[in-house]
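To start, the structure under review is shown below, and the notes come after it.
Everything numeric here is computed off the predicted structure, so don't read it as measured data.
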Amino acid sequence: LDDPVDEWRKITNEDGSFFYQNPATGQISFISEDEAARKIQRLVRNFQASDIPTPTITEVVKALRFQRVAEDNYAKDPNKLANIVNFALLNHCLLDDFKQARECYNLAVKKSSTNPVLIRAYAIFTLAACDNPKAKVFKKACEYFKAASLSDPDLEKFEVAQASFFHWAVVSNPKNPTALLNYALLHQCVLKDYDLAEKFYLRAMAVAPTDTRIIENFEQLEKNRLPGGAYAGRGPSNVVLKRSEVVEEKLEWGEWQRMFDRKQAVKSFKHFWYNRLGRYTQFVEPKWEDVWQQREERSQVSYENEADGWVTYWDPQLGQEFYYNRLTREYQAAAEVVPYDEEYNGEGYGEGYVEGYGEGYEESYEGGEQLQLTNG
């Protein structure tokens with residue numbers, strides 16, 4: 001006999017009710033494939049939208065008003081700085097007219113090179129436009145962002161530009177690659193949220209996989225998260241984490257794992273540390289005394305021997321016991337360390353490989369330190 005066909009079939013009961021069955025798997029469902037697909041699509045859209053704050057009615061009205069009057073005010077008085085900046089933002093963020101935006105920004109910068117709203121927006125524009133020479137442009141943009149943060153540290157003056165132009169652009173058109181690029185640069189350069197910036201870069205690349213503006217700016221973000229880069233401080237990005245492998249674990253390390261990124265071209269950056277509980281990475285080795293103290297604070301005493309000073313703790317977050325001696329102030333794991341294959345000498349690939357990130361993309365470091373994206 002032939003195997004049952006792997007397909008969903010509609011089965012109608014005598015009372016007129018119906019359900020769907022797959023003869024090959026024996027599965028039953030009360031919704032059709034089309035309905036299931038729509039539910040999944042809705043869940044994905046809701047998940048993606050969760051990264052974009054929903055504007056209030058007041059914010060919507062303000063954003064629409066700014067867009068409506070920006071062009072009229074510029075036409076009435078094209079020499080007023082506020083009119084020039086608002087018209088530049090309109091073309092940059094919402095109309096996707098980079099030629100007109102550039103003319104306005106250049107004119108505005110000549111009038112005032114210290115206005116925090118202007119220099120933040122202009123710096124984002126130069127990065128989004130991928131102006132050459134890129135290294136010099138990036139350096140100048142960083143100088144603009146630094147100067148703006150000194151005169152407007154709380155982003156109060158930039159609030160309207162952020163909400164009515166950058167934010168509204170992704171709210172009104174969440175699949176526009178330029179809007180997503182601008183929003184990624186906003187989080188990267190102004191809000192300093194590099195993980196969220198990475199999300200919007202990936203979303204932009206999913207919409208426009210060959211857009212070099214998006215790819216090159218994403219590469220710049222990844223490169224500058226390495227030690228010595230403009231955004232150094234912790235560890236590599238989620239993209240790097242998801243393609244990396246666990247090469248060493250020890251019970252005394254608690255939640256920490258030593259990771260290996262085989263696609264990183266720079267040898268000194270191949271290894272990094274990952275905190276499974278906090279879900280963050282860092283290049284520097286954890287301070288183990290601090291790690292033990294944190295574990296002690298979150299754990300419960302399960303046994304105490306006053307004679308020799310040993311206390312047994314139960315760590316509920318890791319599901320492990322460990323010991324602390326109050327006399328010698330010594331910590332100790334409850335069991336032997338997890339075996340580690342010395343054959344790799346710290347550079348091999350252990351179990352626990354983390355699958356790649358994104359739909360149809362493979363991230364790799366090829367030809368030096370620049371990150372290349374290749375369609376997978």
Side-chain angles (χ1 to χ4, degrees), residues 45 48-49 51-78 80-109 111 115-131 141 144-145 148 152 155-191 193 196-197 199-208 211-214 217-218:
R45 286 195 298 268
Q48 292 180 335
D51 294 326
I52 305 174
T54 302
T56 64
I57 295 298
T58 302
E59 290 171 338
V60 171
V61 172
K62 183 183 291 186
L64 294 174
R65 180 173 61 82
F66 262 93
Q67 296 159 37
R68 187 174 63 252
V69 303
E71 189 168 2
D72 292 340
N73 287 345
Y74 180 73
K76 293 176 182 177
D77 188 355
K80 187 177 180 180
L81 181 62
N83 295 346
I84 301 171
V85 174
N86 287 336
F87 193 52
L89 282 164
L90 177 67
N91 284 278
H92 170 194
C93 299
L94 294 162
L95 302 182
D96 206 1
D97 187 344
F98 272 40
K99 182 180 179 180
Q100 181 65 68
R102 187 184 300 279
E103 292 178 4
C104 292
Y105 278 130
N106 288 339
L107 178 61
V109 170
K111 287 180 171 290
N115 181 287
V117 177
L118 168 59
I119 59 178
R120 279 192 178 114
Y122 179 57
I124 291 175
F125 172 80
T126 60
L127 295 175
C130 283
D131 288 346
Y144 276 137
F145 292 127
D152 184 28
L155 302 177
E156 292 181 5
K157 297 177 182 178
F158 195 69
E159 183 180 355
V160 173
Q162 178 179 330
S164 298
F165 292 100
F166 291 96
H167 180 213
W168 181 253
V170 291
V171 170
S172 59
N173 198 348
K175 292 186 178 181
N176 182 284
T178 301
L180 292 168
L181 171 60
N182 287 327
Y183 208 52
L185 286 167
L186 172 73
H187 282 84
Q188 171 186 333
C189 304
V190 178
L191 304 180
D193 190 335
L196 197 51
K199 284 186 178 183
F200 284 107
Y201 277 126
L202 294 172
R203 196 175 298 179
M205 283 188 285
V207 176
D211 193 324
T212 56
R213 300 175 306 161
I214 301 169
N217 275 287
F218 177 65

Start with the C-alpha distance between Cys189 and Leu127, add both sets of side-chain angles, then the distance that settles side chain to side chain contact (heavy atoms under 4.5 Å, CB included), and finish with yes or no.
CA-CA 10 Å; Cys189 304; Leu127 295 175; 3.7 Å; yes

As an exercise, state the distance from [atom1] of [X] to [atom2] of [Y], rounded to the nearest 0.5 Å.
X: Arg120; Y: Asn115; atom1: CZ; atom2: CG; result: 10.0 Å
X: Tyr183; Y: Ile52; atom1: OH; atom2: CD1; result: 6.5 Å
X: Phe218; Y: Asp211; atom1: CZ; atom2: CG; result: 14.0 Å
X: Leu196; Y: Gln188; atom1: CG; atom2: CD; result: 11.5 Å
X: Asp72; Y: Asn86; atom1: CG; atom2: CG; result: 12.0 Å

Can you check whether [X] reaches [Y] side chain to side chain, under 4.5 Å on heavy atoms?
X: Val117; Y: Val160; result: no
X: Ile124; Y: Phe166; result: yes
X: Ile214; Y: Pro177; result: yes

Count the heavy atoms of every other residue, nucleotide or ligand shown that sit under 6.0 Å from CD of Glu159, and state whether that count exceeds 12.
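It does not: Glu159 CD has 12 such atoms or fewer within range.
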
Other residues, nucleotides and ligands only: do more than 12 of their heavy atoms fall within 6.0 Å of CD on Glu103?
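Yes, CD of Glu103 has more than 12 neighbouring heavy atoms, counting only those of other groups under 6.0 Å.
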
If you take all heavy atoms of [X] and [Y], which pair is closest and at what distance?
X: Cys104; Y: Ala88; answer: CB-CB, 3.5 Å
X: Asn83; Y: Asp77; answer: ND2-O, 3.1 Å
X: Leu191; Y: Gln162; answer: CD2-OE1, 3.9 Å
X: Pro174; Y: Val171; answer: CD-O, 3.8 Å
X: Ile84; Y: Ala108; answer: CG2-CB, 3.8 Å
X: Ser172; Y: Leu94; answer: OG-CD2, 4.4 Å

May I ask you to establish whether Arg213 and Phe98 are in a cation-pi arrangement, using a distance under 6.0 Å from NZ or CZ to the six-membered ring centre and at most 45° from the ring axis?
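That pair qualifies as a cation-pi contact.
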
Run the side chain to side chain contact (heavy atoms under 4.5 Å, CB included) test on Arg203 and Val170 for me, step by step, so that the C-alpha distance in whole Å, both residues' side-chain angles and the decisive distance to 0.1 Å come before the verdict.
CA-CA 11 Å; Arg203 196 175 298 179; Val170 291; over 6 Å; no

Trace of the side chain to side chain contact (heavy atoms under 4.5 Å, CB included) decision for Tyr201 with Leu181
CA-CA 6 Å; Tyr201 277 126; Leu181 171 60; 3.7 Å; yes

Looking at Phe165, Phe125, Phe87, which one forms a ring-ring contact (aromatic ring centres under 6.0 Å, His included) with His92?
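Only match with His92 under ring-ring contact (aromatic ring centres under 6.0 Å, His included): Phe125.
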
[X] side chain to [Y] backbone, donor-acceptor under 3.5 Å:
X: Asn182; Y: Cys93; answer: no
X: Asp152; Y: Ala148; answer: no
X: Glu71; Y: Gln67; answer: no

Given Asp96, which partner from the list Asn91, Asn173, Thr178 fulfils the side-chain hydrogen bond (donor to acceptor under 3.5 Å, both in side chains) test?
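The side-chain hydrogen bond (donor to acceptor under 3.5 Å, both in side chains) with Asp96 is passed solely by Thr178 among Asn91, Asn173, Thr178.
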
After noting the C-alpha distance and the side-chain angles of Tyr122 and Val85, does the key distance pass the side chain to side chain contact (heavy atoms under 4.5 Å, CB included) rule?
CA-CA 9 Å; Tyr122 179 57; Val85 174; over 6 Å; no

